[in-house]
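First the structure, in the form of structure tokens, and then the observations on it.
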Amino acid sequence: GSGASVLEPFVGLKGEHLNVTKISESGKKQRKNWTVMWSVLTTDQLLFYKEKQHESSQKTSKTDVVHLCGALIQWTTEKSSRKNVFQITTNTGSEYLLQTDCYSTAGKWYDAIRKSVDSSTKS
Ligand code: I3S
């Protein structure tokens, strides 16, 4: 059906505000610039929107798509002074840091993204 790519078990993760910064693009270091993004996880992509998306809304403000096939995800305490920071490295050499002050929220996203990485990388 429609929306089949949105993981049903991750209902609680359809969208949430997370702090995000892209620190590398195609292997080239970027200036760190933390931004609050409305983040949506699908089976093989992490989508970042400037604003929360409403299901009725046709307009989209998607600003970045992170392809999770072949990506790496790891917790890091070295790349930021913030707490609960994890890094996603894509197979094209882009690096993102994601963070939220709530430990359980960060853990929930880490686990779900890792599952998407694993399942999209295997298939
Ligand atoms: O890794 P850095 O350079 O210490 O990251 C900090 C900077 O991005 C800083 O901005 P300026 O470069 O304009 O000073 C940010 O305000 C900080 O939040 C960054 O450090 P954290 O530890 O928050 O990731």
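Each ligand, and each atom within it, is numbered from 1 in the order the structure gives.
A salt bridge (Lys or Arg N to Asp or Glu O under 4.0 Å) check over residues 24-35, counting only residues at least two apart or in different chains, returns the pairs Lys22-Glu25.
Contacts of His67 classified as ring pair (Phe, Tyr, Trp, His ring centres under 6.0 Å), with partners at least two apart in sequence or in another chain: none.
The OG atom of Ser39 sits 4.0 Å away from atom CG of Leu18, with the distance rounded to the nearest 0.5 Å. For the atom pair NZ (Lys83) and SG (Cys102), the distance works out to 8.5 Å, reported to the nearest 0.5 Å.
A heavy-atom distance below 4.5 Å is not found between the side chains of Tyr96 and Leu46.
The 4.0 Å heavy-atom shell around ligand 1 contains residues Arg31, Lys32, Trp34, Ser80, Ser81, Arg82, ordered by chain and number.
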Per-pair distances, 0.1 Å, donor-acceptor, side chain in residues 72-79, under 3.5 Å, sequence neighbours excluded:
from, atom 1, to, atom 2, distance (Å)
Thr76, OG1, Glu78, N, 3.1
Thr76, OG1, Lys79, N, 3.3
Lys79, NZ, Gln87, OE1, 3.0

